[in-house]
J.: 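The structure under discussion is supplied below as structure tokens; questions concerning it will follow.
Treat the numbers as computed from the prediction; the structure is a model and nothing was measured.
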Amino acid sequence: QVQLVESGGGLVQAGGSLRVSCAASGLIFSRFAMAWFRQGPGKEREFVAAISWGGSNIYYADSVKGRFTISRDNAKNTVYLQMNSLKPEDTAAYYCAADLWGPGSNSRERYNYWGQGTEVTVSS
């Protein structure tokens, strides 16, 4: 069965950096677009970044553009989110998601598989 397992979350001071990872199993990883979403306290889950199945198309939410970088390593079945210049408003649970043959969409409805999330807390 498909499993997506996030790791790398934690507590960081504002202005700091953190890299979260998502290891996939039970699927042909190279055929899936991968995305990161986040859900802050009392907020709806929102799109953060996505990378198409071929890796050529990458999209970011305006709120993280220029600070976050999504990448994938098909040999390791892993997608990463490098987060720099973190702000307290980046505090959230971060979820990875997979979309077969996807273009790298910002729509939650496209994604069939989800991880359990990893917590990121940014202190001011």
J.: Please report the shortest heavy-atom distance between N74 and S30, naming the atom on each side.
T.: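 Smallest interatomic distance, heavy atoms only, reads ND2-CB, 3.8 Å.
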J.: Indicate yes or no for a side-chain donor-acceptor contact from S105 to the backbone of R110 under 3.5 Å, with no hydrogens or angles considered.
T.: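 Side chain of S105 to backbone of R110, a donor-acceptor pair under 3.5 Å: no, none is there.
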J.: Tell me the closest heavy-atom pair linking P103 and S52, and the distance in Å.
T.: O-CB, 3.4 Å
J.: Are L18 and Y80 linked, directly or through other ILVMFWY residues, by side chains that come within less than 4.5 angstrom of each other?
T.: no
J.: For the backbone of G9 and the side chain of E119, can you confirm whether one donor and one acceptor N or O come within less than 3.5 Å of each other?
T.: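 Side chain of E119 to backbone of G9: no pair is present.
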J.: If you count the non-hydrogen atoms of other residues, nucleotides and ligands that lie under 6.0 Å from CD in Q116, is the total more than 12?
T.: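 12 or below, so no.
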J.: Following the transitive rule for hydrophobic clusters with a side-chain heavy-atom cut-off under 4.5 Å over Ile, Leu, Val, Met, Phe, Trp and Tyr, establish whether W53 and L4 coincide in one cluster.
T.: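 Yes.
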J.: Are Y94 and R38 linked by a side-chain donor-acceptor pair shorter than 3.5 Å?
T.: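 There is such a pair (donor and acceptor under 3.5 Å, judged by atom type) between the side chains of Y94 and R38.
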J.: Using modelled atom types and a 3.5 Å cut-off, is there a donor and acceptor pairing between side-chain atoms of T78 and backbone atoms of K76?
T.: yes
J.: Linking I/L/V/M/F/W/Y whenever their side-chain heavy atoms sit closer than 4.5 Å, directly or via other members, would V5 and Y113 fall into one cluster?
T.: no
J.: Under 6.0 Å from the six-membered ring centre of F47 and within 45° of its axis: does the NZ or CZ of R108 meet both?
T.: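 Ring-cation test returns no.
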J.: In this structure, which one of I51, L27, D99 forms a side chain to side chain contact (heavy atoms under 4.5 Å, CB included) with F32?
T.: L27
J.: Just how far is it from atom CE of M83 to atom CZ of R67, taken to the nearest 0.5 Å?
T.: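 So the gap between those two atoms works out to 9.5 Å.
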J.: Distance-only, no hydrogens or angles: does the T121 side chain make a donor-acceptor pair with backbone N or O of L11 under 3.5 Å?
T.: no
J.: Side chains of S17 and N84: do they bring a donor and an acceptor to under 3.5 Å?
T.: yes
J.: Within a strict 4.5 Å, meaning less than it, do heavy atoms of the Y95 and Q39 side chains meet?
T.: yes
J.: Let me confirm one number: the CD-SG distance from E6 to C96, rounded to the nearest 0.5 Å.
T.: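 Atom-to-atom, E6:CD and C96:SG are 4.0 Å apart.
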J.: Any side-chain heavy-atom pair from Y60 and V48 closer than 4.5 angstrom?
T.: no
J.: May I ask whether V20 and L86 are part of the same hydrophobic cluster, defined by side-chain heavy atoms of I, L, V, M, F, W, Y residues being less than 4.5 angstrom apart, directly or through others?
T.: yes
J.: Would you indicate whether the side-chain heavy atoms of T69 and L81 approach each other to under 4.5 Å?
T.: no
J.: When you look at NZ of K65, are more than 12 heavy atoms from neighbouring residues, nucleotides or ligands closer to it than 6.0 Å?
T.: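 Enclosed.
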J.: So, do W114 and F37 have ring centers that fall under 6.0 Å from each other?
T.: yes
J.: Under a 4.0 Å N-O cut-off, is there an ion pair linking K87 with D90?
T.: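 Here K87 does not pair with D90 in a salt bridge, since their nearest N and O are not under 4.0 Å apart.
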J.: Check for me, please, whether V120 and V79 land in the same ILVMFWY cluster - side-chain distances under 4.5 Å, paths through other members count.
T.: yes
J.: Determine the minimum heavy-atom distance between A24 and F29, stating which atoms define it.
T.: CB-CD1, 3.6 Å
J.: If you look at every heavy atom in Y59 and G104, which pair is closest and at what distance?
T.: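 Minimum heavy-atom separation between Y59 and G104: CD1-O, 2.9 Å.
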J.: Nearest heavy-atom pair of A98 and M34: which atoms, and what distance?
T.: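 Where A98 meets M34 most closely, the heavy atoms are CB-SD, 3.6 Å.
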